[in-house]
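Indexing begins at 1, ligand by ligand and atom by atom, following the structure's order.
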Amino acid sequence: MKQVRFTMIGGFLGAGKTTTLARLARTYMSRDLRVGLVTNDQAQDLVDTMSLRAQGFAVQEVSGACFCCKFDELIARTADLEEAQRPDVILAEPVGSCTDLVATVVQPLKDLYPGRFRVAPYSVLFKPSHGLRILRNESAGFSPKAAYIFRKQLEEADAIVINRADELRAVDVQELKTLLSDEFPGTPVQLVSAKTGTGFDSYVELLDQDGAFGRKLLDIDYDTYAEGEAELGWLNSSAHLTSDTEFEIDPLLVRVIDRLRPVLATLGGEVAHLKVIGLESGGAFGVANLVSSATGTELSLASISKAREMDLIVNARVAVDPVVLEHEVHMVVREICAAHGISAEFRQSQSLRPGRPTPTHRYATAR
Ligand SMILES: Nc1nc2c(ncn2[C@@H]2O[C@H](COP(=O)(O)OP(=O)(O)OP(=O)(O)O)[C@@H](O)[C@H]2O)c(=O)[nH]1
Ligand SMILES: [Mg+2]
């Protein structure tokens, strides 16, 4: 097997990892490189996998736990990609509530598979909506334990990549750069927009570097980490929608998020990321997102299509009881569908709080 560049892109829930993976994949493909992607989640029915596949990429997924706890499955899924796609580059997206990835994924990859993978610098995307408040030591809507995870993710990064340059004011960028260099001195900070591509030339250059990367091992308290993760209610639900008359896909997706926003606000649970994909049998698809309680609904990928039959998948990561989350999501989807003469049949639903991470490997010293 040829040696594959393994590039993992970290960052908190909703930071822009999937958008970044898609942009990087297109960049590498335009250089005639073959690319495979690996997604990861605590449960099945991943919006990210479906959205990336619908965009035409070769994607494998590890579901049921994070890469660190399912390391062997990560290796098996990359082997599937290697066999089928012969990729030059594998881009991997870990779960956004996961940290300690250098000790549990990067180091084992380097140590156990030196001939198979050439591991890229580990970059972590910075999510401004929650991150600015966390770095200012203000409440971001989560408990201090979730903020602890957010900080640990940045601490182990070879480079911190501030995302959403298209939205940030110059004054916020300046403040963020100051806060980041005070708290993580010596860590390079870049500014990008995964949406527009701003800053990606330098980002790709950074990811192409080889050297003493992936060596920042954390001193981390797994109790705090586990409790911070378990604060989040996790829901992956899929429904099949049918209607006698055609309905527009995109407004329906936006309506689901718009309606859930006040419902979740009433419950007092901060939204980490709420995403919904509509997949029509002919291949049309759209994605709508909400990345915090303080921001607005985004139609990140528009289908500009109508459907009579469609799969609707909701992935929600919100600081509320997962049973309540499931109930509210199902109610909202049913209500909206009923109002438009659409019948909605829920086929699969998993609601949970992430369990305590028990990594397959954990390196205490860097190789
Ligand atoms: N304005 C703007 N929006 C962005 C940018 N990058 C990502 N987004 C939006 O942010 C939302 C979340 O992006 P994703 O790429 O799904 O984030 P993620 O980190 O993969 O999220 P999880 O997989 O849930 O952890 C989507 O609505 C994206 O369109 C950006 O640079 N600018
Ligand atoms: Mg994602």
Side-chain angles (χ1 to χ4, degrees), residues 8-26 37-43 45-55 57 59 61-63 66-67 91-99 101 123-131 142 146 149-150 153-154 161-169 172-173 176 190-200 203 229 232-236 250 253-254 256-258 261 270-277 285-302 313-319 354:
M8 183 164 64
I9 309 290
F12 198 66
L13 297 155
K17 299 178 293 297
T18 306
T19 314
T20 297
L21 251 62
R23 184 168 288 283
L24 288 173
R26 277 188 211 102
L37 285 76
V38 191
T39 56
N40 180 210
D41 196 43
Q42 308 281 10
D45 275 336
L46 273 71
V47 167
D48 290 356
T49 305
M50 295 178 202
S51 148
L52 290 168
R53 280 190 184 145
Q55 291 173 67
F57 300 117
V59 188
E61 72 178 30
V62 173
S63 65
C66 46
F67 286 153
L91 298 169
E93 173 180 346
V95 179
S97 57
C98 193
T99 187
L101 286 153
S123 63
V124 172
L125 288 177
F126 181 88
K127 181 184 184 184
S129 53
H130 289 123
F142 302 112
I149 295 174
F150 193 99
Q153 291 179 335
L154 299 176
V161 181
I162 302 171
N163 192 25
R164 301 178 91 98
D166 55 296
E167 284 184 345
L168 289 170
R169 298 176 306 165
D172 293 331
V173 172
L176 275 175
Q190 294 204 351
L191 176 67
V192 303
S193 167
K195 184 175 180 174
T196 66
T198 301
F200 264 64
Y203 187 23
E229 256 201 311
L232 289 166
W234 214 267
L235 172 73
N236 288 9
D250 301 335
L253 303 176
V254 168
V256 169
I257 304 263
D258 274 347
R261 246 178 127 235
E270 178 64 26
V271 173
H273 196 183
L274 174 60
K275 47 192 170 181
V276 53
I277 188 167
F285 72 101
V287 181
N289 312 62
L290 182 68
V291 293
S292 85
S293 301
T295 49
T297 305
E298 306 162 34
L299 182 69
S300 58
L301 293 166
I313 295 99
V314 181
N315 288 179
R317 291 84 180 89
V318 184

Check your understanding: Is the backbone N or O of Val271 less than 3.5 Å from a side-chain atom of Arg317, with the two atoms forming a donor-acceptor pair by type?
Key ->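 Side chain of Arg317 to backbone of Val271: no pair is present.
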### Task
Decide salt bridge (Lys or Arg N to Asp or Glu O under 4.0 Å) for Glu270 and Arg261; before the verdict, give the C-alpha distance in whole Å, the side-chain angles of both, and the deciding distance to 0.1 Å.
CA-CA 10 Å; Glu270 178 64 26; Arg261 246 178 127 235; over 6 Å; no
Run the numbers for me: atoms of ligand 1, each under 4.0 Å from some heavy atom of [X], listed by number.
X: Thr19; answer: 7 (C), 13 (O), 14 (P), 15 (O), 28 (C)
X: Glu167; answer: 1 (N)
X: Leu13; answer: 25 (O)
X: Lys275; answer: 22 (P), 23 (O), 24 (O)

May I ask you to identify, for [X], whether its side chain, its backbone, both or neither come under 4.0 Å of ligand 1 on a heavy-atom basis?
X: Asp48; value: side chain
X: Arg317; value: neither
X: His273; value: side chain
X: Asn163; value: side chain
X: Glu298; value: side chain
X: Glu93; value: side chain

| Judged by non-hydrogen atoms, does Lys127 sit under 4.0 Å from ligand 1? |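 Under 4.0 Å: no for Lys127.
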*Please state whether Gly14 comes within less than 4.0 angstrom of ligand 1, counting heavy atoms only.*
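Gly14 counts as a contact of ligand 1 under the 4.0 Å cut-off.
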How close does the nearest protein non-hydrogen atom get to [atom], and which residue and atom is it?
atom: atom 18 (P) of ligand 1; value: Lys17 N, 3.4 Å
atom: atom 10 (O) of ligand 1; value: Arg164 NH1, 2.9 Å
atom: atom 17 (O) of ligand 1; value: Gly16 N, 3.0 Å
atom: atom 1 (N) of ligand 1; value: Asp166 OD2, 2.8 Å

Between Val192 and ligand 1, is there a nitrogen or oxygen pair with a distance under 3.5 Å?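 By distance alone, the answer is no.
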Next on the checklist: Tell me whether Ala15 has any N or O atom under 3.5 angstrom from an N or O of ligand 1.
Outcome noted: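 Yes; at least one N/O pair falls below 3.5 Å.
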From OH (Tyr203) to CG (Leu125), nearest 0.5 Å
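Going from OH on Tyr203 over to CG on Leu125, the span is 4.5 Å.
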Can you spot which of Arg164, Lys275, Lys195 makes a salt bridge (charged side-chain N to carboxylate O under 4.0 Å, His left out) with Glu298?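 Running salt bridge (charged side-chain N to carboxylate O under 4.0 Å, His left out) over Arg164, Lys275, Lys195 with Glu298 returns exactly one hit, Arg164.
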Exercise for the section: Would you check if Leu274 and Asn289 make a side-chain contact, meaning some heavy-atom pair closer than 4.5 Å? Expected result: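 Side-chain contact under 4.5 Å: no.
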When you compare the side chain of Phe200 with that of Arg23, does any pair of heavy atoms fall below 4.5 Å?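 Yes; the side chains approach each other to less than 4.5 Å.
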For atom 11 (C) of ligand 1, the option (of Leu299, Val291, Thr39) bearing the nearest heavy atom: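 It is Val291 that holds the nearest heavy atom.
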Looking at the Mg ion (ligand 2), is there an N, O or S atom belonging to Thr39 that lies under 2.8 Å away from it?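 Checking Thr39: none of its N, O or S atoms is under 2.8 Å.
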message: Quick check: His130 with Phe142 (ring centres under 6.0 Å apart)?
response: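 Ring-ring flag for Phe142/His130: true, centres closer than 6.0 Å.
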Applying side chain to side chain donor-acceptor pair (under 3.5 Å), run through Asn315 and Trp234 and close with a yes or a no.
CA-CA 8 Å; Asn315 288 179; Trp234 214 267; over 6 Å; no
Rounded to 10°, how big is the angle at the Mg ion (ligand 2) from Asp48 OD2 to Thr18 OG1?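 Rounding to the nearest 10 degrees gives 90°.
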| task | List the steps, then state whether side chain to side chain contact (heavy atoms under 4.5 Å, CB included) holds for Thr18 with Glu93. | result | CA-CA 7 Å; Thr18 306; Glu93 173 180 346; 2.5 Å; yes
